[in-house]
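Numbered from 1 within each chain, the chains take letters A, B, ... in sequence-line order.
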Amino acid sequence: MADPVAPGAGRATGSIGEVTSPPVRVRFAPAPTGYLHIGGARTALFNWLFARQQGGELKLRIEDTDAERSRRELIEIIYRTLEWLGIDWDGEAVHQSDRTHLYTGAVERLLESGAAYRCDCTPEQVQARAAGRGGKPGYDGHCRERQVRPGEGVVARFRVPDEGVTAFDDVIRGHISFENADLEDFVILRSNGVPMFHVANAVDDADMGITHIIRGEDLINVTPRVLLLRQALGITELPVFAHLPLIVNEKRQKLSKRRDDVSVGDYIDRGYLPEAMVNYLATLGWGAPDGVEIRPLPEIVELFRLEDVGSSGAFFDLKKLDHFNATYIRALTTDEFVNRSTRWLFGEAPWPAERFDAKAFEALAPLVQQRVEVLSQVPGYVDFVFLAEPVVDEASWEKVMVKGAESAAAMLDAIIDAYGTCDWDADALMEAIKVEGERLALPRKQWQAPVRVAVTGRSVGPPLGESLVVLGRERTLERLRAARSRL
RNA sequence: GCCCCCAUCGUCCAGUGGCCUAGGACGCCGCCCUUUCAAGGCGGUAACACGGGUUCGAAUCCCGUUGGGGGUGCCA
């Protein structure tokens, strides 16, 4: 087996000396019990990268066998989020809720062949007996020989062999094996008649011709169940498994929707670019051979190797994501930057829509573009233009106008005077500040600060000259005088 | 408890027996550039968890320890 990633590796599938590999087909199989989160997005991405790299197919399968927890609108969100990320799939999405007959059929066959049996123990009884035995929790095989009849509160369980091992080779982790004795007789059919996800999993992966199962490490433990089920159902082909390392929080725990900020949708709302998100996600568990991290997706597709994926958990580092995002934002054309900023300029902007002036924004856009890390920061750089009054940042005011009141007053008086008559272009405006600053013998640091705070309310922002040009002489003088009178 | 997995700078990746006085990136800290903030340039900080083997030689192979994580549902 020269290629560890080849499906069915180990079994000769062609004539001597010529092993033909079936085309690669992978799937992303989310359960619609919540929005798409970072971990799911990464799993989807790695499946997509592998499929595209191999010239194979990516199928999308919605695992909604648990009707109580699955919600229709969440499926829609999953589609939209994947589309935002640029992860496209081949063919129609498969919904397991449309295919329950296949799974119940499989359960029937298992029951008939004796690979499974019915059980009427309540969870409480199972627990009580486990506690009584001391130690080992889990089901004890109580109903194996009881010939329980179908009925209320009856489930079907898979009869796990008492001996032997169930093992598989993982492309990322190598050989993984489980003692059958450690596996309990797991439920395959709920008492409400709906088959469990591992049954659907085993049936669908075989039925859909999935060649590689790429998913999170948290699913390693269910793999032996699926393997046992496939075997009992007479499915002979074996997919290649690849269990991805988990993405973890700062405490090195698996990201959780409850305690961690992981909804991809939230990142969309904050103004992360999909290409930055995808690029960053690709570096979690994988690295290009040449060490270049920020690079176009097609290059990543070309370089991606499943067997190069690492095996230890990766921390989702927001700081690094921000760096990626800022880099991608700066690389945009100005038009594209303006375009992508739209949503933060209107609906969610801090100013009334009618006060927005596209021309003014476009003048400042290239300067703002090289300063923001996420698009939601855009309004903060230009709001002084579209608001009747600047939003005064207290810390800035305190530092510049209160602590430096004396020089601020002198500077403002001088500038109000100069700006009344000077040319209204960026160079002239800045030259005036320089001239007055020098004349007043102020440290360079204090030259523009009072003007900036008076006009924009903040001590940081786009270059001052350009900002003033956009604001206009009247409004600038108005604000300078207002600030001066507040000193 | 039991089962499974993991273990290189604070973080993400390189490194698959000698090229390692361990490399890159993010972060952080300096300096330069700069009439704000960024960007850019230069430099710095910082890691092979521990203990045994195997070998002429180990970050790389084996065993153990410790630590971390995942699972242990009629969720997926």
Open item on the list: Students often get this wrong, so: under 4.0 angstrom with heavy atoms, is A/Gly285 touching a base, only sugar-phosphate, or nothing?
Closed with: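 Sugar-phosphate, no base atom in range.
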TODO: Let me know the distance between CG of A/Asn221 and P of B/G73, rounded to the nearest Å.
DONE: 11 Å
Task: Sugar-phosphate only, base, or nothing, as touched by A/Pro224 at under 4.0 Å among non-hydrogen atoms - done: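 Result for A/Pro224 = nothing.
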Open item on the list: Counting neighbours of NZ on A/Lys399 that are heavy atoms of other residues, nucleotides or ligands and sit closer than 6.0 Å, is the number greater than 12?
Closed with: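 No, not enclosed.
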Open item on the list: Students often get this wrong, so: under 4.0 angstrom with heavy atoms, is A/Arg458 touching a base, only sugar-phosphate, or nothing?
Closed with: nothing
- [ ] Measure from OH on A/Tyr139 to P on B/G71 and round the result to the nearest Å.
- [x] 25 Å
Open item on the list: As a test of reading the structure: which of B/C26, B/C5, B/A76 is closest to the side chain of A/His323, going by heavy atoms?
Closed with: B/C26
Open item on the list: Rounded to the nearest 0.5 Å, what separates atom NE2 in A/His142 from atom SG in A/Cys119?
Closed with: 8.5 Å
Task: Rounded interatomic separation in angstrom, taking CD from A/Glu307 and P from B/A14 - done: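 So the CD-P distance, A/Glu307 to B/A14, works out to 12 Å.
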Open item on the list: Less than 4.0 angstrom between a side-chain N/O of A/Arg190 and OP1 or OP2 of B/A76, yes or no?
Closed with: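 Indeed, a polar side-chain atom of A/Arg190 lies that close.
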Task: Gap between atoms CD1 and C1', on A/Ile220 and B/C4 respectively (whole Å) - done: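 So the CD1-C1' distance, A/Ile220 to B/C4, works out to 7 Å.
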- [ ] Take atom CZ of A/Arg444 and atom P of B/C33, then tell me their distance rounded to the nearest Å.
- [x] 10 Å
TODO: Look at A/Lys254 and B/G71 and indicate whether a side-chain polar atom (N or O) is within less than 4.0 Å of OP1 or OP2.
DONE: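 Yes, such a contact exists.
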TODO: Ignoring backbone atoms, test whether A/Ser312 places a side-chain nitrogen or oxygen under 4.0 Å from the OP1 or OP2 oxygen of B/G69.
DONE: no
- [ ] Starting at atom CG of A/Leu303, determine the distance to atom C1' of B/A14, rounded to an integer number of angstrom.
- [x] 14 Å
Task: Inter-residue atom distance A/Ile87.CD1 - A/Leu58.CG, 0.5 Å rounding - done: 8.0 Å
- [ ] Tell me, with the steps shown, if A/Asp162 and A/Arg159 meet salt bridge (Lys or Arg N to Asp or Glu O under 4.0 Å).
- [x] CA-CA 9 Å; A/Asp162 298 324; A/Arg159 196 199 188 292; 3.7 Å; yes
